[in-house]
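Everything below concerns the one structure shown next.
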Amino acid sequence: MPTKIITLTTDFGLKDPYVAEMKAVVLSISPKTKIVDITHCVEKFNIRMGAYTLAAACPYFPKGTIHMAVIDPGVGTKRKAILIQAKNSCFIGPDNGVLALAAKSQGIKHIYRIENPKFMLTRISNTFHGRDIFAPAAAYLANGISPPEFGPEISKIVTPKFAKITKTKTTLTGEIIHVDGFGNIITNLRDKDLELMGTKKTVNLKIKNTRLKLKLCKAYSEVKAQQPLAIIGSHNFLEISVNQGNAAENSQTRVGDKVTLYYL
Amino acid sequence: MPTKIITLTTDFGLKDPYVAEMKAVVLSISPKTKIVDITHCVEKFNIRMGAYTLAAACPYFPKGTIHMAVIDPGVGTKRKAILIQAKNSCFIGPDNGVLALAAKSQGIKHIYRIENPKFMLTRISNTFHGRDIFAPAAAYLANGISPPEFGPEISKIVTPKFAKITKTKTTLTGEIIHVDGFGNIITNLRDKDLELMGTKKTVNLKIKNTRLKLKLCKAYSEVKAQQPLAIIGSHNFLEISVNQGNAAENSQTRVGDKVTLYYL
Amino acid sequence: MPTKIITLTTDFGLKDPYVAEMKAVVLSISPKTKIVDITHCVEKFNIRMGAYTLAAACPYFPKGTIHMAVIDPGVGTKRKAILIQAKNSCFIGPDNGVLALAAKSQGIKHIYRIENPKFMLTRISNTFHGRDIFAPAAAYLANGISPPEFGPEISKIVTPKFAKITKTKTTLTGEIIHVDGFGNIITNLRDKDLELMGTKKTVNLKIKNTRLKLKLCKAYSEVKAQQPLAIIGSHNFLEISVNQGNAAENSQTRVGDKVTLYYL
């Protein structure tokens, strides 16, 4: 069996022992597994941000990767623990939406509840199912335990609400889905949506109540340092950036704000 | 020989080359070792926080793991470099208390000074024994060098002072031992200490001069969002939390503050 | 073939999916490679800081390590993508100086442009060559593809400007090259430069317009807690530190500030 990869996406931060405890559990059960951190710096309890981050990273991992995501404000309640078998990967975590975006983009084949105590730690805490339930499940899955052994198949999962794009004769309206560490403002408008603009090289936008005219660039440095621009980013979304600067810092924009593109 | 795990716990932070230098030294000597970060974000020079974090994480690692901890304000002085052979793991670091809590909880079998220059880098800096002494020691140990080869056996180590719990007919008094990244306030009162409360589901506490009555929950969401609660956390300690919020943020509590439980 | 190591040095930070995307690409192409993070917390766009950090860490890695560095404000422009074959290691990244310091310190043997699309992702974004060009190049190199297959040999690379040290009959003048997470102020004056002081144990310095007389110590704790000192740090540079404190915090010093040593 080739080496398996387990990825981790959490809001646990980097100063506490929690991430290491999950890795220790994985390596105790499945010593040859490679663990790759996606991030542990998701904003606390921000399921949507976790879902976005996992969905962005997961297409680049090899077939057979197991993705575990633990942003879990409902830990200890009746929210389900689930294992999603998708086309290329499996996903393990709480059924609160954090896995949904990534799993759906691959095509979901089966969903199972994780209920079999054989594949959990002996003692389950009230507050840390990442270590006690999800980490062992991921490790046993990496060891070749088949998904149906973890629990009964179910048909539905919780899905985070991302705005749909609405179209009029002159506009497309979407929203800001992420602001990255460089201050790039990432919208859910895609490269193909911009084809409506034809050959125009200026992007006409409204974000909340502010109108912007930005050069549509292929490189940040097509505008001077500290000047704003529009660019198709590395996940094919329209982004608003500042060359060698931070677009988000001096704007009032937030994730969830509406973005209107005047394409005509 | 199966793959060995070496864990790292330091106050080095994540922006400097120091952590990578230690990993490079380990992998140069012992290329097949798996390195797992516990954390590099211990507060600078905070030996007690390092000791707590290592002690929290180490029970979850497989037998045979080598734990290296470098919170080392006394680097370059006569403080000893030590190797502790405990029941399940070995511990390597400065003799200043950072290893003591974790090693004692496993049962210490032998303690050795690390003195043999054969198992150090050729050139020892004044300021970075993590790289020059501890990393090579951990790597050679992973390679199968036996503990007595590193130096003479000694019988005592420095131990950080953690408050003992004191009991009266109506109260237990302990202290706050950690505040985690979620703002959970972790006390040194344990699940079994709370058995004194009988079947009561309200926890009566005094932290410094503030009296609190908190619902003893099994899940954060048993109270409304932003409301405080008491819960037995994932290391079996009594914790004070806020559902989907941060208990520490708006309180004046600090590590070391006294906590009194009125159990009657 | 023994396991290859690929190191990563970036300004991507830890909250976004970008670092994981690069690792995913590496592991998809070269599943057995060990990836070691040097740091992802280089100040955004700070090529010089990236160059310093990589140069500090790389001497400790085993022969054959592949170092990838992506601080890349010119992504999408005509700045070259390069592969440097040096004496012990290979270096991959943008030709903007980030690789130069480390590569030169080892001795550069050959420099190649990375141009062969066979060793890139199929779809190249405008903004993320770390994932689309550099990560696959590093992975194919780890797989044994020979450097000339990546593109034509070139003879020159961009080199960051670090101040030379200037000498008078009584002074040496260098500069501050780094301030680390402990607040240690690291100059480019070396241990051997201090031999000019003879047996003197007090260091006479001017930083910008401030004169300092500091004890030259072999351990931080040779002065009292919170007191300043001079010490030869772990990379053989003269550093200004505060015992159990932070030298940079309360000073106005910055990277690039001049430092004059009055050695007589």
Contact origin within [X] toward chain A - heavy atom pairs under 4.5 Å:
X	value
B/L54	neither
B/N246	neither
B/D191	side chain
B/L8	neither

- Message: Around atom NZ of B/K218, are there more than 12 heavy atoms from other residues, nucleotides or ligands closer than 6.0 Å?
- Response: no

- Message: Please determine whether the number of non-hydrogen atoms from other residues, nucleotides or ligands lying under 6.0 Å from atom CD of A/E43 exceeds 12.
- Response: no

Return the option, out of [options], with the maximum number of heavy-atom pairs under 4.5 Å with chain A.
options	result
B/I232, B/D180, B/T7, B/T53	B/D180
B/N243, B/N184, B/L14, B/N236	B/N236
B/P59, B/A219, B/P62	B/P62

- Message: Rounded to the nearest 0.5 Å, what separates atom NZ in A/K15 from atom CG in B/D11?
- Response: 13.5 Å

- B/Y220 side, atom OH; A/D72 side, atom CG - distance, nearest 0.5 Å: 10.0 Å

- Item | Among A/A20, A/P73, A/G13, A/A24, residue most engaged with chain B (heavy-atom pairs, under 4.5 Å) | A/A24

Give, as side chain, backbone, both or neither, the part of [X] having an atom under 4.5 angstrom from any heavy atom of chain B.
X	result
A/V25	both
A/Y18	side chain
A/S28	both

- Indicate yes or no for a side-chain donor-acceptor contact from A/T127 to the backbone of B/S234 under 3.5 Å, with no hydrogens or angles considered. yes

- Message: Which residues in residues 29-42 of chain B have any heavy atom closer than 4.5 Å to a heavy atom of chain A?
- Response: B/K34, B/V36, B/D37, B/I38, B/T39, B/C41

